[in-house]
Protein chains: 2
Amino acid sequence: MKLSTRTRYGVRAALELAESAGRRPLQLKTIAQHQEISLKYLEQLMAMLRSAGFVRSVRGSKGGYVLAKLPSQIKLSDVFNCLEGPVITAECVQNDNYCARSADCVVKQVWAQVQQAVTNVLESITLQDLVDKAKDKKTSNYQI
Amino acid sequence: MKLSTRTRYGVRAALELAESAGRRPLQLKTIAQHQEISLKYLEQLMAMLRSAGFVRSVRGSKGGYVLAKLPSQIKLSDVFNCLEGPVITAECVQNDNYCARSADCVVKQVWAQVQQAVTNVLESITLQDLVDKAKDKKTSNYQI
DNA sequence: TAATACTCTACTTGTACGGTAGGAATAGTA
DNA sequence: TACTATTCCTACCGTACAAGTAGAGTATTA
């Protein structure tokens, strides 16, 4: 029931891109240093996010990555889906033919409930939400 | 983010024990057949549930397993915890020292939210609830 | 042309899952 | 007492995937 580092790293990287949205491309080297992630590993994660259309890359010197959409248009469920795969607790929840008991199975209903609970959270939060929240935090810290 | 078969099998087995609560021990052979689970594998799962005190075993001929508590006293979170381990989405959620950003990290808060959502569902359901629900289903089916 | 940064593919290593297998211990029964 | 049924314990195994590492290749800019 643990998240993969892929997803955790990916969300952190995406958040960093969101924070510098509108500016020039952010280099993976920078993100890797900030987030203490292996550059080579990060490259692979970003390739996944790129294929899925959430980020754009700029090659060559002074290149880097930028978000392909507005931070408010990228939900955490998008990033999650891309890196971790669909939120599935049990095969039977998606595929009715997977198990003969499917129609009446009360256990299946539980897994569906769990799955929905996770999905609800991730779909309710965008990168912009996180950017805002992080900004608030910093402000309130300065006030202390 | 998928559940292990351990947990899924375990819940199904526990539910079967709950359904025959108050009667004589149910044998693993029977459960394994009903649920189409490898007997040898099931033995291992039940050993875990036994160590955790949720079921009691009766050895020897005519032996088997019974619930060690009332079905209403066993939450799905108990079984889940025992077989899948604690509901942890990310290490940092439990252990503040795991990451230096911990105090202000908005990503950590997301994982905490997800974790809480899962926990809420599993803690709100007992084996008795499932037994009741399954009984209702059968009744309504007969009425059709 | 040199330097920079992404791109693509292959490889490695460790770990956990999902079992299988075999025999020992225990308890009822003939 | 011998036999049978059942749980108990330990060891083993194959596979898949996570989490990286590595290196050569390509595009872009200065």
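All values below come from the heavy atoms of this structure, side chains included, with hydrogens, waters and symmetry mates left out. We name chains A, B, ... by the order of the sequence lines, and we start the count at 1 in each one.
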Just how far, in rounded Å, is [atom2] of [N] from [atom1] of [X]?
X	N	atom1	atom2	value
A:Arg24	D:dT28	CZ	P	18 Å
B:Leu26	D:dT7	CG	C1'	14 Å
B:Leu39	C:dT20	CG	C1'	11 Å
B:Arg50	D:dT7	CZ	C1'	8 Å
B:Leu83	C:dC17	CG	P	11 Å
A:Lys29	C:dC6	NZ	P	9 Å
A:Glu91	C:dG18	CD	C1'	16 Å
A:Tyr41	C:dC6	OH	P	18 Å

* Are any of the side-chain heavy atoms of B:Ile31 and B:Leu39 separated by less than 4.5 Å? -> no

* Does some side-chain heavy atom of B:Lys137 sit less than 4.5 Å from a side-chain heavy atom of A:Gln109? -> yes

Looking at [N], I'd like to know if its phosphate oxygens (OP1 or OP2) sit under 4.0 Å from a side-chain N or O belonging to [X].
X	N	value
A:Arg6	D:dA19	no
B:Ser57	D:dC8	yes
A:Tyr9	D:dA19	no

Side-chain-base donor-acceptor pair under 3.5 Å for [X] and [N]:
X	N	value
B:Lys40	C:dG22	yes
B:Gln44	C:dT20	yes
A:Arg59	D:dT26	yes

* Structure fact -> Walking DNA chain D from its 5' end, the first of A:Thr5 and A:Val58 to be reached, judged by nearest nucleotide, is A:Thr5

* Assign each of A:Lys62 and B:Gln27 to its nearest nucleotide of DNA chain D by heavy atoms, then name whichever residue's nucleotide is nearer the 5' end. => B:Gln27

* **NZ/NE/NH1/NH2 to OD/OE distance under 4.0 Å, A:Glu91 and B:Lys2** => yes

* Should the pair B:Arg101-A:Glu36 be classified as a salt bridge under the 4.0 Å nitrogen-to-oxygen rule? -> yes

* B:Gln128 and B:Gln73: side-chain donor and acceptor closer than 3.5 Å? -> no

* Give one of base, sugar-phosphate or nothing for B:Arg56, where a contact means two heavy atoms less than 4.0 Å apart. => nothing

* Earlier contact from the 5' end, DNA chain C, for A:Ser61 and A:Glu43 -> A:Ser61

